[in-house]
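Below: the structure, in structure tokens.
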Amino acid sequence: LKLLRLKSHQTDFAMALVAQPPGDLALVVRSPRANYTTVVETGVVCGGKATRTVEILNEDGTECISIGAASTTKTTEVCDVIAAICSLEADKIRLVKRVGSYAVAQTMFEEVASRVTALGISSFRRPIQQYEHPILIIGAGLGGMQTMLKLKEKGRKDFICLEKLDDFGGHSWMVVANKYTKLQTEKGTYHVDYINSSAECPSFFKDLPYMIWPSRDQLLQMFRVSARKNGLYEHTRFCTSVEKVKPLPGKYRYSVQTVPTDSEEGGELLVGSAVMAWPGNLCDCNMIEFPGEDDFGGYIEYSSFGKMDFTKVKGKDVILYGHGAFTIENVRTLLEHSCKKVHVLCRKRNLCGMKVVSWFVAYSDQPVPGHVLMEAMQKMYDLAGFDAWTAHSVRTDANRSFAHISQKTVFGVTDIYFLAAYYGLMEVVEDEIKRLTHLCAHTKKGKIIECEVILKAVGTKPSFLIDKMLGLKELHGLWVNGDPLRPVVCNGMFVEARNFGSFSSGPGFATMVMTVNWFVDYPGDWEAVRGQLPVSRAGDTPAYVPSTTHLTPMFSILSGLLPMLGAAMGELDQMKTMKQRRAHPIKEYIASCKAEWDCYIRVFKQRGMITDDRPEPAYPYNEAMVEDWMDRTSMFWVQRLAQQQKG
């Protein structure tokens, strides 16, 4: 593998490959053709820029794979590719081409024919590694559940999931969220069966509808019905906390010490052949205390972990402290409970997303360039009277020809934040609380804000105890101390990008699930990437929580050094687009957003929260806008490709 100079396609040819429906071998499969059943397009290009396709049959002609090749690609190069795919030695493979009715062996340095048979290859399907002990998964949230689905997909039965809570759903939805919390992005990319290429987006789970933006309770129902349907309950031990993971002498052996969380009984020591951890990063509530809280005389509480009693805000002025994704959600919840006004008080005004932009990014089959994203966002920010290009997190030039967004929180997605700003139901104040007096907040910039409620939306933080539990000193890519059988994965906590492929954590989880399962199936592939991946250590955050600047080069290195894995990643990118388009057609989705927008305006008026003094704002997005942004996104990448080819 180290001798191969292979890379994933970066041409129009490649885009055509990955646009096909997903299938066997976690690659792309076309319809039956010729005398063999399927053509598996590997996504591998050999010999530089791909100008043609080479189809390679196994010995009996029942399987066929294809690779991209240059006109001068030699048979030795193709044998190296086949050897890498099948984990064989290249000198044991011979290529045969057909000339008329005769089969003719190709010499070592002959230009490879467009269709050849590989003697010495009975099958292109790679055998997966089998293990003596069960594979152990830590965490029964979305990532852990999808990991189990991928293990089952490969025919594995000997695996155990360990979960400290009493059911499926994960800490984020079962503990951090409250009953008013909703999925901020759309459901099309966030459900357990999303990772199954043929699964459609669900509409119901038992008696509960699975809405476009499902509530916490709808999400928990989705997790549990999906777990039962896929047979995950029998593989999962609930109320089981993992205390310590240690490698044991020998190969593929790890000890996992567990203790029950629902009793005083002693724990159990398990031995596994791999330990795949999904611990999450919303572990503990960030704490902050203001001088004078005892004198305030109003209601002060944190927004997460179910602490807030929203019935106490009706008709009252509320300071919402912070400006992360939790803040964006709580603006909606406070207004739904008829507060008088929300004063969002924050050190820095982060960018937040809006529903059509979130949908558009997932709907696009190419990453959306930052400047196109910003123009789309500005349509909604105009209602709030804010130039989003001037936000602290945006880096651009005088012509605004690009946009790099860097902020320490993910995009909170909502439309109601902007509607509230338009009507004066919410204002953003970039400042900090210096001290509190009776029903007043005094800021560091000298303002006095009268209020009766202070809601601290200062977010959550990951736990350093997880590093200790895993024995994690260095995170190599996603792997504990560089061990391919000990991945630890959590969703991102930041935004750091110029181009955007999704606001939802669902597609990212699917890619990471596939990636960590790859090395469980093919641990020998680790030698190709050993020592090449980014390394993280604990600092302000635990080591298990990597930054975006850690993850982006990691995926690039993996796809470059393991082209079959890179092709599978490309397939998942296309699956995201296909699933989003099937679940949320453009016309219906925008109509749903507009209906929600109009509904909130009616509710605000019926409750006397707003008057008719200001004209009702039209929903700022339509189909023509979105189609224009998609066209511009496609053109951006066509032009980028042309520049690369010239270079």
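No hydrogens, no waters, no symmetry mates; every other heavy atom, side chains included, goes into these values. Predicted model, so just to flag it, every value in this text is computed and none were measured.
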**Request:** For H371 and F636, run ring pair (Phe, Tyr, Trp, His ring centres under 6.0 Å): C-alpha distance rounded to whole Å, both residues' side-chain angles, the deciding distance at 0.1 Å, then the answer.
**Result:** CA-CA 11 Å; H371 65 283; F636 173 85; 5.7 Å; yes
**Request:** Start with the C-alpha distance between H323 and T409, add both sets of side-chain angles, then the distance that settles side chain to side chain contact (heavy atoms under 4.5 Å, CB included), and finish with yes or no.
**Result:** CA-CA 9 Å; H323 203 286; T409 182; over 6 Å; no
**Request:** Verify side chain to side chain contact (heavy atoms under 4.5 Å, CB included) between M354 and Y621, making sure each step is shown before the conclusion.
**Result:** CA-CA 10 Å; M354 43 295 295; Y621 297 111; 3.3 Å; yes
**Item:** Worked verdict on V344 versus E427 for side chain to side chain contact (heavy atoms under 4.5 Å, CB included)
**Value:** CA-CA 6 Å; V344 176; E427 67 169 345; over 6 Å; no
**Request:** Any chance you could lay out the side chain to side chain contact (heavy atoms under 4.5 Å, CB included) test for I586 and I590, step after step, and finish with the verdict?
**Result:** CA-CA 6 Å; I586 179 172; I590 293 179; 4.0 Å; yes
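A distance-only check finds a donor-acceptor pair linking the side chain of N517 to the backbone of V513 [under 3.5 Å]. Under a 3.5 Å cut-off, the side chain of R582 and the backbone N or O of C201 do not form any donor-acceptor pair. K445 places no side-chain N or O within donor-acceptor distance of the main-chain N or O of E432, the cut-off being under 3.5 Å. At least one donor-acceptor pair closer than 3.5 Å links the side chain of S559 to the backbone N or O of S556. Checking side-chain atoms of N286 against main-chain N and O of T460 turns up a donor-acceptor pair under 3.5 Å. Between the side chain of S215 and the backbone N or O of Q218 there is at least one donor-acceptor pair closer than 3.5 Å. In this structure a side-chain-to-backbone donor-acceptor pair under 3.5 Å is present from W637 to P367. A donor-acceptor pair under 3.5 Å is absent between the side-chain atoms of S364 and the main chain of V361, judged by distance alone. Proximity of a side-chain donor or acceptor of N281 to a complementary backbone N or O of P462 within less than 3.5 Å is not detected.
Side-chain atoms of N178 and T181 include a donor-acceptor pair closer than 3.5 Å. For the residue pair Q407 and H392, no side-chain donor N or O sits within less than 3.5 Å of a side-chain acceptor on the partner. Side chains of R607 and S338: a donor on one and an acceptor on the other come within 3.5 Å. Remark: the Y180 side chain and the E329 side chain contain no N/O donor-acceptor pair separated by less than 3.5 Å. Looking only at atom types and distance, the side chain of E186 has no donor-acceptor partner in the side chain of H584 under 3.5 Å away. Between the side chains of D217 and Q221, no donor N or O sits under 3.5 Å from an acceptor N or O. Side-chain contact check for T396 and W389: no donor-acceptor pair (N or O, by modelled atom type) lies under 3.5 Å. Side-chain contact, S401 with N399: no donor N or O sits under 3.5 Å from an acceptor N or O.
Nearest heavy atoms, A325 versus Q184: O-NE2, 3.4 Å.
For the pair F310 and L455, the minimum side-chain heavy-atom distance is below 4.5 Å. Looking at heavy atoms from C-beta onward, Y321 lies in side-chain contact with V458 at the 4.5 angstrom threshold. At least one side-chain heavy atom of Y423 sits less than 4.5 Å from a side-chain heavy atom of E616. Within the 4.5 Å cutoff, side-chain heavy atoms of M512 are placed close to those of F555.
Between W213 and Y589, the ring-plane angle classifies as perpendicular under the 30° and 60° cut-offs. Note: Y619 and W597 have perpendicular aromatic rings, judged against thresholds of 30 and 60 degrees for the angle between ring planes. The aromatic rings of Y210 and H191 lie perpendicular to each other, with more than 60° between the two planes, well past the 30° mark.
Here the straight-line distance linking atom CE of M426 with atom CG of L334 works out to 11.5 Å at 0.5 Å rounding. Between the CG atom of L419 and the CG atom of L383 there is a distance of 8.0 Å, given to the nearest 0.5 Å. Interatomic distance, R52 CZ to I67 CD1, rounded to the nearest 0.5 Å: 8.5 Å. To the nearest 0.5 Å, atoms OG1 (T327) and CZ (R349) are separated by 12.0 Å. To the nearest 0.5 Å, atoms NZ (K576) and OH (Y363) are separated by 12.0 Å.
Taking the six-membered ring wherever Trp is involved, the centroid distance between the rings of F418 and Y381 falls below 6.0 Å. H550 and F494 have their aromatic ring centers separated by at least 6.0 angstrom. Not less than 6.0 angstrom separates the ring centroid of W359 from the ring centroid of F503.
Every pair passing side chain to side chain donor-acceptor pair (under 3.5 Å) that includes a residue from residues 504-513 is listed here, sequence neighbours excluded: T189-S504.
Ion pairing between a basic and an acidic side chain is recognised when a charged N comes within 4.0 Å of a carboxylate O; D598 and K594 show such pairing. In this structure, R332 does not pair ionically with D415, as no charged nitrogen and carboxylate oxygen lie closer than 4.0 Å. Using a 4.0 Å cut-off between a side-chain N of Lys or Arg and a carboxylate O of Asp or Glu, E375 and R632 qualify as a salt bridge. Ion pairing between K579 and D193 fails under the 4.0 Å rule for side-chain N and carboxylate O. With salt bridges taken as basic N to acidic carboxylate O contacts below 4.0 Å, none links D431 and R347.
In the displayed structure, K341 atom NZ is contacted under 6.0 Å by more than 12 heavy atoms of other residues, nucleotides or ligands. Annotation: K314, atom NZ; neighbour count of heavy atoms from other residues, nucleotides and ligands within 6.0 Å does not exceed 12.
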